[in-house]
S.K.: 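Take a look at the following structure, please.
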Amino acid sequence: QVQLVESGGGLVQPGGSLRLSCAASGSIFSIYGMGWYRQAPGKQRELVAVITNEHREIYADSVRGRFTISRDNAKNTVYLQMNSLKPEDTAVYYCNADIRTTIRVPASDYWGQGTQVTVSS
């Protein structure tokens, strides 16, 4: 079994910063893309940022220049540094990873449980 555990969410004032972490554990052969998605109340889940296993980064237009995604392959961990936060960034943030558990099966998508980020004064 594979688990993704997020941490780092919370309440922050507009203009503030937060750093999210997501650690993958369990039966892992290889991790390919890792990323962050978010879902605000009444809205669909949307991509925030993804990073390939070669560290190529892709960002949503709404966060480019404010958020930075990174990963530590030795720790099976992906991070999301969020700066200049706005009230519209308020959402539950979910970690996602494309993980291969053995060499015999293709990779599958795994999700974390989500962490709440609230930007409010």
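Source: prediction; values computed, not measured.
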S.K.: Count the heavy atoms of every other residue, nucleotide or ligand shown that sit under 6.0 Å from CD of Glu46, and state whether that count exceeds 12.
M.R.: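 Above 12, so yes.
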S.K.: Quick check for you: to the nearest 0.5 Å, what is the distance between Asp72 atom CG and Met34 atom CE?
M.R.: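 Asp72 atom CG to Met34 atom CE measures 10.0 Å (nearest 0.5 Å).
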S.K.: What are the two closest non-hydrogen atoms of Val48 and Phe67, and how far apart are they?
M.R.: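 Heavy-atom minimum between the residues: CG1-CD2, 3.7 Å.
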S.K.: Within the 4.5 Å heavy-atom criterion, are Ser120 and Pro87 side-chain neighbours or not?
M.R.: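 Ser120 does not reach Pro87 side chain to side chain.
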S.K.: Between Arg71 and Ile31, is any pair of side-chain heavy atoms under 4.5 Å apart?
M.R.: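 Sidechains of Ile31 and Arg71: in contact.
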S.K.: Rounded to the nearest 0.5 Å, how far does CZ of Arg56 lie from CD1 of Ile69?
M.R.: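 Taking CD1 in Ile69 and CZ in Arg56, the distance rounds to 12.5 Å.
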S.K.: Quick one: salt bridge (Lys or Arg N to Asp or Glu O under 4.0 Å) pairs with a partner in residues 96-117, sequence neighbours left out?
M.R.: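 Of all non-adjacent pairs touching residues 96-117, none passes salt bridge (Lys or Arg N to Asp or Glu O under 4.0 Å).
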S.K.: Once side-chain hydrogen bond (donor to acceptor under 3.5 Å, both in side chains) is applied, do any residues pair with Ser84, and if so which ones, sequence neighbours excluded?
M.R.: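 Scan of Ser84 (side-chain hydrogen bond (donor to acceptor under 3.5 Å, both in side chains), adjacent residues dropped) gives none.
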S.K.: How close do Ala49 and Leu80 get, counting heavy atoms only, and between which atoms?
M.R.: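 That closest heavy-atom pairing would be CB-CD1, 4.3 Å.
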S.K.: Gln116: what forms a side-chain hydrogen bond (donor to acceptor under 3.5 Å, both in side chains) with it, not counting sequence neighbours?
M.R.: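 If we apply the side-chain hydrogen bond (donor to acceptor under 3.5 Å, both in side chains) test to Gln116, skipping adjacent residues, the hits are Thr118.
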S.K.: Taking atom CD as the centre, does Gln44 end up with more than 12 heavy-atom neighbours from other residues, nucleotides or ligands that are less than 6.0 angstrom away?
M.R.: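 Not more than 12 within 6.0 Å, no.
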S.K.: Could you report the tightest heavy-atom contact between Ala40 and Ala91, atom names first, then the distance?
M.R.: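 Taking Ala40 first and Ala91 second, the nearest heavy atoms are N-CB, 3.8 Å.
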S.K.: Does Trp36 reach the side chain of Val78, with side-chain heavy atoms less than 4.5 Å apart?
M.R.: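 They are in side-chain contact.
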S.K.: Other than Tyr79, which residues form its hydrophobic cluster under the rule that side-chain heavy atoms must be closer than 4.5 Å?
M.R.: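 Joined to Tyr79, directly or through intermediates: none.
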S.K.: Which residues pass the side-chain contact (heavy atoms from CB on, under 4.5 Å) test with Val2, not counting sequence neighbours?
M.R.: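 Listed in chain order: Ile28, Ile99, Thr101, Tyr110.
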S.K.: Can you run down the disulfide (SG to SG under 2.5 Å) pairs that involve residues 58-121, sequence neighbours left out, and say none if there aren't any?
M.R.: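 For residues 58-121, and leaving out neighbouring residues, the disulfide (SG to SG under 2.5 Å) pairs sorted by first residue read Cys22-Cys95.
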S.K.: Test: side-chain hydrogen bond (donor to acceptor under 3.5 Å, both in side chains). Region: residues 58-67. Which pairs qualify, not counting sequence neighbours?
M.R.: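 As it turns out, the side-chain hydrogen bond (donor to acceptor under 3.5 Å, both in side chains) pairs with a partner in residues 58-67, which skip direct neighbours, are Arg38-Ser62, Glu57-Tyr59, Asp61-Arg64, Arg66-Asp89.
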S.K.: Each residue besides Leu47 in its hydrophobic cluster should be listed here, by chain and number; the cluster joins Ile, Leu, Val, Met, Phe, Trp and Tyr at side-chain heavy-atom distances under 4.5 Å.
M.R.: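 Answer for Leu47: Tyr37, Val50, Ile58, Val92, Tyr94, Trp111.
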S.K.: If you look only at pairs with a residue in residues 11-29, which of them pass as a side-chain hydrogen bond (donor to acceptor under 3.5 Å, both in side chains), with sequence neighbours excluded?
M.R.: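 Output for this query lists Ser17-Asn83.
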S.K.: Kindly give the heavy-atom pair with the smallest separation between Asn73 and Asn53, and that separation in Å.
M.R.: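 So the two residues come closest at ND2-O, 3.9 Å.
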S.K.: Do Tyr93 and Met82 have side chains that get closer than 4.5 Å, going by heavy atoms?
M.R.: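 Of all side-chain heavy-atom pairs linking Met82 with Tyr93, at least one is under 4.5 Å.
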